[in-house]
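Nothing here was measured: the structure is a model prediction, and the numbers come from that model.
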Amino acid sequence: MSASLSIGLTGGIACGKSTLADGLRARGWHVIDTDRIAHRVMQPGGETYKNVVDAFGASILQPDLSIDRKVLGRLVFADPLLRAKLNEITHPAIRSVWQRERDERARTHPTYFLAVMIPLLFECELEQMFSAVWCVGASRVTQMNRLKARGFSEPEAAQRLASQMPVAEKMARSSIAFWGEGTPAALLLQLGRVVDGLS
């Protein structure tokens, strides 16, 4: 295995990215989750929070003045222009945090294995920033069923799928593609074969 490896981890929504991330953590990898960073930068008091509220108004706020991500999600997934506006506000802040964390990890752990989980990696043209891109996909039926199990209506689930590059295209553009159709255990078996093959 090389002295250091920086992977961009992506895939379709509800395909198994979190399962792969957990599997890498269990093998000692450092995993940066950009969804968690998004939660952090949108906490009340920060500049990104202020910019989002200025752009979308008080209707997206909960009684404690935190951003109601479900309300905001319904707005932006129903309107591509609003989604582009949100991305324009949040993506630079999120990218700044994960790049800083990755650089710090490289400095403190000269031999490191690191993955950054970025759902919109290809959409944001970030593939050149990594040693390789790993992607997980699943069928549209499975994605829809999983999203509905998370509480999304069928139209909401369809809007979220439509907002992303097709899974097949993401998989075709990746260094390694996983298939997340089955159980988490089956996906972790695929991951194990790939990681073991790196050594």
Side-chain angles (χ1 to χ4, degrees), residues 7-26 31-39 42 52 56 59-60 62 66-91 94 98 115-127 130 132-194:
I7 297 294
L9 181 60
T10 193
I13 189 169
C15 286
K17 291 185 298 296
S18 296
T19 298
L20 287 181
D22 289 343
L24 288 172
R25 288 190 189 98
V31 179
I32 300 171
D33 183 345
T34 59
D35 276 344
R36 289 184 188 170
I37 294 172
H39 278 270
M42 288 169 62
V52 170
F56 291 91
S59 65
I60 65 167
Q62 302 193 86
S66 64
I67 291 172
D68 189 324
R69 291 172 65 90
K70 286 186 177 176
V71 171
L72 183 59
R74 280 197 291 271
L75 284 174
V76 301
F77 283 107
D79 185 333
L81 291 178
L82 290 180
R83 192 163 66 249
K85 180 191 289 188
L86 179 65
N87 290 345
E88 192 177 301
I89 296 168
T90 58
H91 282 186
I94 295 166
W98 72 252
V116 185
M117 187 161 61
I118 307 176
L120 300 181
L121 185 147
F122 286 117
E123 290 86 341
C124 295
E125 300 180 344
L126 299 174
E127 54 263 51
F130 298 96
V133 175
W134 294 0
C135 174
V136 59
S139 70
R140 180 181 175 86
V141 170
T142 293
Q143 288 178 282
M144 288 291 287
N145 288 340
R146 288 175 180 171
L147 286 171
K148 286 191 281 188
R150 294 178 189 177
F152 294 106
S153 68
E154 187 142 348
E156 287 173 335
Q159 285 174 344
R160 279 159 172 75
L161 291 182
S163 74
Q164 295 190 347
M165 182 183 292
V167 168
E169 186 176 345
K170 291 190 179 198
M171 294 177 75
R173 291 174 60 175
S174 298
S175 318
I176 293 174
F178 300 89
W179 193 234
E181 190 74 13
T183 63
L187 184 54
L188 290 173
L189 276 176
Q190 296 176 54
L191 177 66
R193 286 197 291 269
V194 169

Within the 4.5 Å heavy-atom criterion, are Thr90 and Met42 side-chain neighbours or not?
yes
Where at least one partner belongs to residues 12-24, residue pairs that pass salt bridge (charged side-chain N to carboxylate O under 4.0 Å, His left out), sequence neighbours excluded
Asp22-Arg25
So, do Thr10 and Leu126 sit near enough that their side-chain heavy atoms are less than 4.5 Å apart?
no
Distance col, row Ser18:OG vs Leu9:CG, nearest 0.5 angstrom, shows 9.0 Å
Roughly how far, to the nearest 0.5 Å, is NE2 of His39 from OG of Ser66?
11.0 Å
Between Ile118 and Trp98, does the side-chain contact (heavy atoms from CB on, under 4.5 Å) criterion hold? Intermediate values first, please.
CA-CA 10 Å; Ile118 307 176; Trp98 72 252; 3.8 Å; yes
For a 4.5 angstrom cut-off between non-hydrogen side-chain atoms, does Arg36 reach Met117?
no
For a quick test of your reading: what N or O donor-acceptor pairs under 3.5 Å do the side chains of residues 78-85 make, sequence neighbours left out?
unit_1	atom_1	unit_2	atom_2	d
Asp79	OD1	Leu81	N	2.8
Asp79	OD1	Leu82	N	3.4
Arg83	NH1	Val76	O	3.2

Return the minimal non-hydrogen interatomic distance between Leu121 and Gly8, and the atom names on each side.
CD1-CA, 3.7 Å
Using 0.5 Å steps for rounding, measure from the CZ atom of Phe122 to the SG atom of Cys135.
6.5 Å
For Glu88, does the CD atom have more than 12 heavy-atom neighbours from other residues, nucleotides or ligands under 6.0 Å away?
no
Would Phe152 and Ile13 satisfy side-chain contact (heavy atoms from CB on, under 4.5 Å), going step by step from the backbone distance to the final call?
CA-CA 13 Å; Phe152 294 106; Ile13 189 169; 5.9 Å; no
Answer yes or no: is there a side-chain heavy-atom contact under 4.5 Å between His91 and Leu120?
yes
Trp134 and Leu20: side-chain contact (heavy atoms from CB on, under 4.5 Å), yes or no, with the steps?
CA-CA 10 Å; Trp134 294 0; Leu20 287 181; 5.8 Å; no
I need the minimum non-hydrogen distance between Ser139 and Trp179, along with the two atoms involved.
N-CH2, 3.5 Å
Student check: side-chain heavy atoms of Val71 and Phe56 closer than 4.5 Å:
no
Sorted by first residue and then second, give each salt bridge (charged side-chain N to carboxylate O under 4.0 Å, His left out) pair with at least one member in residues 133-150; sequence neighbours left out.
Lys148-Glu154
Distance-minimising heavy-atom pair for Leu24 and Ala115
CD1-CB, 3.8 Å
Where do Ile94 and Ala38 come nearest, in terms of heavy atoms and distance?
CD1-CB, 3.7 Å
Is Lys170 salt-bridged to Glu123, cutoff N-O under 4.0 Å?
yes
Quick one, Arg160 with Gln143, criterion side-chain contact (heavy atoms from CB on, under 4.5 Å). Give me CA distance, side-chain angles, the key distance, then yes/no.
CA-CA 10 Å; Arg160 279 159 172 75; Gln143 288 178 282; over 6 Å; no
Any idea which heavy atoms bring Cys15 and Val167 closest together, and the distance?
SG-CG2, 4.2 Å
How far apart are the closest heavy atoms of Phe178 and Met171, and which atoms are they?
O-CE, 3.5 Å
Between Glu156 and Ser153 (side chain of the first, backbone of the second, donor and acceptor by atom type, cut-off under 3.5 Å), is there such a pair?
yes
